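Below: the structure, in structure tokens.
Proteins get letters first, then strands, A, B, ... in listed order; numbering begins at 1 in each. Just so it is clear, the structure is predicted and the values come from calculations on it, not from any experiment.
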Amino acid sequence: MPQPPFTLPPQYDPRDVEGRLYQGWLERGVFTARADSPREPYVIVMPPPNITAILHTGQGLNNVIQDVLIRFERMRRREALWLPGTDHAGIATQNVVERLVAKEGKTRFDLGREQFVERVWAFVRETGSTILEQLKVIGSSCDWSRTRFTLDPAYSRAVREVFVQLWEEGLIYRGHRVIHWCPHCLTALSDEEAVFADEAGKLYYIRYPVEGGPQPFLTVATTRPETILGDTAVAVHPEDGRHAGFIGKTARLPIANLPIPIVADDTVDPAFGTGFVKVTPAHDANDFEIGTRHQLEMPLIMRPDGTMGEDGGQADGRSGGQSRPATARPPDRPTASRVPRELQGLDRFAAREKIVQMLEAEGLLEKVEPHTHAVRHCYRCDTVVEPRLSDQWFVKMRPLAEPVLGAYRNAEFRIVPERWRATFENWMGNIRDWNISRQLWWGHRIPVFTCTQCQHQWADREDPARCPKCGGAVIQDLDVLDTWFSSWLWPFATLGWPERTADLARFYPGHTLVTAPEILFFWVARMLMSGYHFMDRTLPFTTVYLHGTVRDTQHRKMSKSLGNGIDPLDVVRLYGADALRWTLIAGSSLGADVILDPNDLETTFAPGRNFANKLWNIGRFILAQLPERAPPLEALDVPSLPLADRWILSRAQATIRDATAAFEQFRLDEGAKRCFDFAWKELADWYVEAVKPRLAASGAAPAGGPPGSAAVAAPDAALGVLAYCLDTVLRLLHPVVPFITEELWQKLPGRKPDDLLVVAAWPRAQPDLADAEADRQFPLVQEAISSIRMLRAEYRVPPKARLQASVQPRSEPARQALAGERETILRLAQLSELAFDGKRAGVGAHAVLADGSEVFVALEGEIDVQQECRRLAGELARLEQQLSGLAAKLTNHNFVARAPAEVVAKEREKERAWRDQRQALAGKLKSLGCS
RNA sequence: GGGCGAAUAGCUCAGCUGGUUCAGAGCGCCUGCCUUACACGCAGGAGGCCGGGGGUUCGAAUCCCUCUUCGCCCACCA
């Protein structure tokens, strides 16, 4: 028995279905990839969110894009693996737990390393799966059986293996140089983790007395007066004529009151400031280079926490930034001659003010100018980063980067959109060594061991009991590795490497990497390098798809601190996951930013909800019509079907082609919108409306009839066509709006309980259903209907009034089209009668169709002849204008001679149709007796 | 300092390899409609010198140059 009509509620409520469907997918294991599958794999590894993260809209966008791609390829019969997981996020996670500990009035140093790390684990066990659960809510079809965490034991083995291999290859070294130091997080940072932000600062001009120079003093310009305590030279450009006489002389450093040399160095820009540069080798990367060239002293004058004072902890050179709690810091030393007692312990910014005052008091402050410059900040806590001389572990990057750059130029992988090429090549070509040690406790402990007796130092895959050389006691490096030193192995460490697992053999290399441009260098470039280096020169993916950023209407990035974020789960609750997904996908063209309005969720997400509801009602209507077994398409003699049927079948093929091509090219918005148009504009607005009379007549719609009364008559073609179109559009839309489509698809006739859309086949265009003739002719029917509707509106015909109309087709094909769809026109234009050729009942309104066919609507007593004359004259004038433009073009020899023949032919064809229209309009004007 | 992107209807944006029925969509607005799938809807409509200027071309929203305004990325702006 067919399902009784319209038992489904008239409004779709996603809350009733989403959780149930997702649970069903999980229970059937449809997201689980099989390593033994004969199908060709398709692999996406998820950019692992931080273990502490909660879902924000940017991740929503990122994951929805991945889900669309993975669902698309799964339906295309690939063995689809979307591998999820989380990142231990060293600094971020440690900070979170430190804040928790702080609420108890303690610091991590009070707990000690072991206890603190256990505390972090406890936190991770408690909340670590939060974001993954949230990803399920938005429909992510990840293979949860393969979920990974960067601190999993197996993953950690991979990290260690990579470190040791790089060590053995000589690509890891201990570097003594100025690095970026976060005084809040108390750790070193990589270049990428110290991000520039423009700041309105000041440029201070400070006088240094000079002994025996051309003048009694020189003036340096600096933005950081507090660092003068660490100055060990003043530099000028060797060819700076103004200052040549100073070179080799000695300046006296104010406040610290120390003699420092004046040296010549090429890197000084004579045009900046005064041409004199103060040189602070321990607190400025550039000055460090100068200091090295001139063998200058390099005193640290700040402690790790950013307060003023010498710090003995740097001297041992073993673990440069090894941070100490304030309480554990050794007492100030008597040798602290550079930092005066009154500045000791003062924060660097307070010290800046104080030093400026002191200089002013001594008459050494010449002037202060406003100065905007870029200052690096910690990407985790936003603290201004302090350049600081220390010892850290570095990876030599050039040997890793070069082959990847070559592979890129050799088109072995691509970045979409292509415009990132220059940025990528530039960064890879000028890559700098990577500081991988972090003075943290949460992370992979650096596997470098040092013998306390013979000082032998090595990296080890296992924890050694004693020194292999002398048997002495060993100590392990205290630091941990940069988080990105583990995540750069994600595409293969998640699959079991260095073990040669079946997963690794099957699912490496992967295919598409979807992420935001922000982490192109942090993560993507490094994954390419590690993949190439450790996986036998095999890059981890073939395409990097960089999507845009989610922003508010002022184009500000959505962020917690700005309070302009949108909680995706709120959206799911209010509008449904499909609505969220629809908005994100339809709102972002290839690589472009997505603008959402956090202050108006209704405007932002209602369209997605409305579309889901539209689909629901299309399904509701069609399902109510369908008998238990709708006629399959193959049973229909398509060429003999009515025009409307042939037309919608042809449109379906075009939609399949367009949507497939769009998804293949990552133009997800275009694919989504194409399907939207098919479902709503073509199927619902036209075809469904066109076949309603036939459905009523067929008896297939048991309008209130008793069950079983609809005996199976001759197969009704419309039912077959409707079933096919609904099935097709649900498949096409499934990657974007998986819930509503799955819910409806399962209700189609003939479905068994095991049938799931999520693993159904992607539709294939059937060339024999493409029908260029129908594509040309049905629009005439549409136009006839629209023009009559327009006349009704124009003349304010009461909605219920049925009118009489007649048409005069311009050609035989037009006659066939219009006559064949007579019922459709009658219904949709609300006519009581439709005559062909000439039979015009008195006064009425006129319209001319694109091909010159004429339409006449009888409007006895309703029409104002003057108005009709004006309207038609206006149309004629517009047509004349278009026509004269076209005529000018066609009489232009240059155009006719130079434009491609088919373009010219098309224009001529257009001219012919317009002339027909003009003739028809002129005839009407004449027959109405318009002046 | 270098590189990149954007500027199209009131708002958010499409418009990919130039061709006047390609000037579009959604939202908003105006007019009618609760037409037995949907008012989260249906029908009709208004609204834009496609940022300014120059150029290439038979033809430019589309290609080139330049200017203006925003945004992003990179850089040893002391």
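Here the separation of B:G24 from B:C50, taken at their C1' atoms, is 11 Å to the nearest Å.
For A:Arg796 and B:G44, the shortest distance from a side-chain N or O to OP1 or OP2 is not below 4.0 Å. The shortest distance between the side-chain N/O atoms of A:Lys692 and the OP1/OP2 oxygens of B:U36 is not below 4.0 Å. Between A:Asn610 and the phosphate of B:G41, there is a side-chain N or O to OP1/OP2 separation shorter than 4.0 Å. At the phosphate of B:G26, OP1 or OP2 sits under 4.0 Å from a side-chain N or O atom of A:Lys681.
Counting only heavy atoms from C-beta outward, the side chains of A:Tyr795 and A:Met790 never approach each other to under 4.5 Å.
Counting only heavy atoms from C-beta on, A:Asn286 has its side chain closest to B:C76 among B:G41, B:C76, B:A78. Listed nucleotides B:C38, B:G44, B:C76 differ in distance to A:Ser786; the shortest reach to its side chain belongs to B:G44.
As judged by a 4.0 angstrom heavy-atom cut-off over every strand, A:Ala606 is placed among residues making no nucleic acid contact. Using a 4.0 Å heavy-atom criterion, one finds that A:Val220 contacts no nucleic acid atom at all.
In terms of position along RNA chain B, the nucleotide closest to A:Glu689 lies nearer the 5' end than the nucleotide closest to the other residue of the pair A:Asp191 and A:Glu689.
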Inset, instruction - Using Watson-Crick or G-U wobble pairs with both distances under 3.5 Å, give me RNA chain B in dot-bracket, 5' to 3', with [ ] for crossers and | for pairs to another strand. - result: (((((((..((((.....[....)))).(((((.......))))).....(((((..]....))))))))))))....
